Amino acid sequence: MREHEGAPLPSSFYLRDAALVARDLLGAVLQHEDVAGTLSGRIVETEAYLGPHDPASHSVVGRTARTWHMFGPPGTAYVYFIYGMHWCVNAVTGAEGVGSAVLIRALTPLSGLEVMRQRRGTARRLSSLCDGPGKLCAALGITRAHDGLLLTGSSSLTILAGTPVPDDEVLIGPRVGISKAVDWPLRFRVRSPHASGDQRVTR
DNA sequence: ACGCGGATGGCCT
DNA sequence: GGCCATCCGCGTA
């Protein structure tokens, strides 16, 4: 069941403003070639982090060991550890050295549902497998091992072109979970994911 | 349906 | 020492 897979999105896709990339990543497919099999999902929620001038961005602190790959070339995976328990994955945008990225916040599961369910615990609804940045990394097995990999097709973690989402299906609002620049409208989500059973992307 | 707080660890002041 | 780009379970309604 990989009917939505296309070619990997190229570096040029990411070499743009983070807000544009965040908008256009809706509908694309995040795919991990895991030892347990191919795990993938359609991106239905993203947030843009613009760079050191964005008070909510990790890149405000400059290029430290943690934020190192956020300053990498466009199309790099920036994976960080948060709250002592969770991993979150970003796609780096803009030119190398800029420090902007798009956080992937939710997926509609496409492939590898059994493995995802095992990793996310028993008796969970399909819609709760990947509806959060920490949840989707747990489901797809994304960890520090993926920090700095290229998402453009040369590694086990790739973003593939998918079904484009028309403007009237895109909701834009403030980012969540932050304490600075709380009203900047940089969160993008799909109003109605066409994969069945996935209401409630409201997070 | 909500709101709240505990878990848990790396990193910066 | 305190702050996190979070998640889950438990409380009250």
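This one's a predicted model, so the numbers in the text were calculated from it and none came from an experiment. A, B, ... follow the sequence lines: proteins, then strands. Residue 1 opens every chain.
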Spacing of [X] atom [atom1] relative to [N] atom [atom2], expressed in whole Å:
X        : N      : atom1 : atom2 : result
A:Ile178 : C:dC3  : CD1   : P     : 17 Å
A:Trp87  : B:dT8  : CH2   : P     : 16 Å
A:Trp68  : B:dC11 : CH2   : C1'   : 16 Å
A:Asp147 : B:dG10 : CG    : P     : 15 Å
A:Tyr80  : B:dG9  : OH    : P     : 18 Å
A:Ile82  : B:dG10 : CD1   : P     : 12 Å
A:Lys135 : C:dT6  : NZ    : C1'   : 9 Å
A:Arg63  : B:dC11 : CZ    : C1'   : 18 Å

A:Arg120 side chain near C:dC8 phosphate (N/O to OP1/OP2, under 4.0 Å): yes
Distance test, side-chain N/O of A:Thr64 to OP1/OP2 of B:dC12, below 4.0 Å: yes
Checking one residue: A:Leu20. Which other hydrophobic residues are in its cluster under the side-chain 4.5 Å linking rule? none
Members other than A:Val98 in its cluster, when Ile, Leu, Val, Met, Phe, Trp, Tyr link by side-chain heavy atoms under 4.5 Å? none
Between A:Gly134 and A:Gly84, whichever has its closest DNA chain C nucleotide further toward 5' is A:Gly84
Interatomic distance, A:Thr76 atom OG1 to A:Leu150 atom CG [nearest 0.5 angstrom]: 5.0 Å
Measure the spacing between CG of A:Leu25 and CZ of A:Phe13 and express it to the nearest 0.5 Å. 4.0 Å
Regarding A:Ser59 and A:Thr67, is there a side-chain donor-to-acceptor distance under 3.5 Å anywhere? no
If we count only N and O atoms by modelled type, under 3.5 Å, do the side chains of A:Ser127 and A:Arg125 hold a donor and an acceptor together? yes
With pairs defined as Watson-Crick or G-U wobble and both distances under 3.5 angstrom, please note down DNA chain C as a dot-bracket string, | for pairing with another strand. ||||.|||||||.
Sugar-phosphate only, base, or nothing, as touched by A:Leu103 at under 4.0 Å among non-hydrogen atoms: base
Less than 3.5 Å between a donor and an acceptor, one on the side chain of A:Tyr83 and one on the base of B:dA7, is that the case here? no
With distance as the sole test, does A:Arg120 use its side chain to make a donor-acceptor pair with the main-chain N or O of A:Ser128 at under 3.5 Å? yes
So, the side chain of A:Asp54 versus the backbone of A:Tyr49: is there a donor-acceptor pair under 3.5 Å, distance only? no
Want to settle it: does A:Arg144 or A:His86 sit nearer the 5' end of DNA chain B, counting the closest nucleotide to each? A:His86
To the side chain of [X], which of [options] is closest?
X        : options              : value
A:Met85  : C:dC4, C:dA5, B:dA7  : B:dA7
A:Arg66  : C:dC8, C:dT6, B:dC11 : B:dC11
A:Lys180 : C:dT6, B:dC12, C:dC4 : C:dC4

For B:dG10, is there a stacking contact with A:Phe81, counting only centres under 5.5 Å and planes under 30°? no
